[in-house]
Chemist: 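I have a structure here, written as structure tokens, and I will follow up with some questions on it.
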Amino acid sequence: MKQELAKYFSLDQSQITLFWKGRVALYAIFKALGIKEGDEIILPAFTCVVVANPIIYLGARPIYVDIDPKTYNMDISRIENKINNRTRVILAQNTFGLAPDLDKIFEIAGKHNLTVVEDCAHGFGGYYKGQPNGLIADVSFCSTQWNKPFSTGIGGFAITKNADIAAKLRDIEKTFTKPSLKEEMVLRVLLFARGRLGTKLYWPAIKTYRWLSKNNLVLGSSQGDELEHPVMPAGFAKGLSETQANLGNRELGRIGQLMEHRKKIAAIFTKQLQDMQIEPPYEPEYAEHTFLKYPLLVRDRETFFVLAEKNKIELGDWFLSPIHPIIKNFERFYYYWGDNPIAETISRHIINLPTHSNISEDYAIHITQFLKENRDQIYGSYREILQ
Ligand SMILES: Cc1ncc(COP(=O)(O)O)c(C=O)c1O
């Protein structure tokens, strides 16, 4: 898979390291950067809690920054306020596949001698000012989990053009354990089952899978404890298995097709939303959006999900809270409710429409029919909520 990724990024294989999950790649990056107790990492207050966890595992502190409701990315104008002499890294996330305005982030990082790490978990396949996401920051990581731009079931990798960081990451990669035969077998079974899952079975399947993985009964994206306490689970620091690498090679072989498909489905949603006087997601000049997820804001999310389930409409729930999917005990993750009012409000109303390869054009139209029937439940723009 290193060879295929190196080809995609026009890099050398030595600049890529492979890990069991994206969060493990992020942990390896922080270790390579020498992040230690007392350091502070700036990240958006609209992310997955597994991004905050590796920071805390190393004794450092996540410092959350509120978001720009237009892009769902970190509000760059709020970053400098959060910088002090403990700050080491700005984590630049490309939420739903849209890169933040990285040049502005580099300017701040340069002024304060900080490292920029790109969280490319959603943004692989997209571009910032003509350069592929993941290749721009000092070091980046991607995820190849089920819902990501290309999937190996679970998985992740780090990319860097910096020779020193690359050498450290390779050393770290060597010390991580290999996934067990059992873990590989379970993953194969899940991949087989997932391949046969149509959109009709989405709701029962997703509920069962989440329950099983939360209770550690099946190999899940997150183990139960990870979502309760920021304590590193046993066996966290693992490399990528052969099963994942083989699948990754296959998927990378059709990456152009996968990205084109997402764009085509997103264009259907955009056209239909415009007809309904709903503002589509923002697409700035500086970036090419991957539309990993297509965000929409609804008045009452619980009611909307009940309606969707009844109508067999596949919908996503990213991000349910500023540190998804945490809805209580925020302080355990150094998140203090009330600090980021925009992210807190948006995360109460956001849903996402799917764009992945199993979503046909007909099914996308079917989704938009459902949206039309429930137009009164949908906000025309984030401004309606935030005014
Ligand atoms: C923004 C973001 N970054 C990182 C991750 C972690 O990726 P992984 O599940 O591969 O550890 C996720 C997980 O969904 C995510 O949403």
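Since we're looking at a predicted model, the values are computed, not measured. We use all heavy atoms of the structure for the numbers below, so side chains are in, but hydrogens, waters and symmetry mates are not. Atoms within each ligand, like the ligands themselves, are counted from 1 in listed order.
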Chemist: Angle class for the Y27/F236 ring planes (parallel below 30°, perpendicular above 60°, tilted otherwise)?
Modeler: perpendicular
Chemist: Is the number of heavy atoms from other residues, nucleotides or ligands within 6.0 Å of NZ (K2) greater than 12?
Modeler: yes
Chemist: With respect to T144, determine whether any N or O atom, backbone or side chain, lies less than 3.5 Å from an N or O atom of ligand 1.
Modeler: no
Chemist: Would you say the rings of Y8 and F124 are close, in the sense that their centroids are separated by under 6.0 Å?
Modeler: yes
Chemist: Could you tell me how the ring of H122 sits relative to the ring of F96: parallel (under 30°), tilted (30 to 60°) or perpendicular (over 60°)?
Modeler: parallel
Chemist: Measure across I136 and E118 and return the closest heavy-atom pair with its distance rounded to 0.1 Å.
Modeler: N-OE1, 3.6 Å
Chemist: For ligand 1, is there an N or O atom under 3.5 Å from any N or O atom of Q145?
Modeler: no
Chemist: So, is R23 polar-close to ligand 1, with some N/O to N/O distance under 3.5 Å?
Modeler: yes
Chemist: Just jot down the ligand 1 atoms closer than 4.0 angstrom to any heavy atom of H122, in number order.
Modeler: 1 (C), 2 (C), 15 (C), 16 (O)
Chemist: Report, in ascending order of atom number, the atoms of ligand 1 lying under 4.0 Å from any heavy atom of V51.
Modeler: 2 (C), 3 (N), 4 (C)
Chemist: Show me which atoms of ligand 1 lie under 4.0 Å from any heavy atom of V50.
Modeler: 6 (C)
Chemist: Record the part of Y27 in heavy-atom contact with ligand 1 below 4.0 Å; permitted values are side chain, backbone, both and neither.
Modeler: neither
Chemist: For ligand 1 and F141, I'd like to know whether there is a polar contact (N/O to N/O, distance under 3.5 Å).
Modeler: no
Chemist: In the protein, what heavy atom is nearest to atom 3 (N) of ligand 1, and what distance, to one decimal place, separates them?
Modeler: D119 OD2, 2.7 Å
Chemist: Between F319 and ligand 1, which part of the residue brings a heavy atom under 4.0 Å of the ligand: side chain, backbone, both or neither?
Modeler: side chain
Chemist: Counting from 1, what ligand 1 atoms have a heavy atom of K21 closer than 4.0 Å?
Modeler: 10 (O), 11 (O)
Chemist: Does OH belonging to Y334 count more than 12 external heavy atoms closer than 6.0 Å?
Modeler: no
Chemist: Should we count CD of E107 as having more than 12 external heavy atoms under 6.0 Å?
Modeler: no
Chemist: Is ligand 1 less than 4.0 angstrom away from at least one heavy atom of K148?
Modeler: yes
Chemist: Are more than 12 heavy atoms, taken from residues, nucleotides or ligands other than Q3, located less than 6.0 Å from that residue's CD atom?
Modeler: no
Chemist: As a test of understanding, state which of I351, I359, T270, I265 forms a side chain to side chain contact (heavy atoms under 4.5 Å, CB included) with Y294.
Modeler: T270
Chemist: Classify the contact between Q93 and ligand 1 as side chain, backbone, both or neither, using a heavy-atom distance cut-off of under 4.0 Å.
Modeler: side chain
Chemist: Answer with yes or no whether G155 contacts ligand 1, where contact means a heavy atom under 4.0 Å from a ligand atom.
Modeler: yes
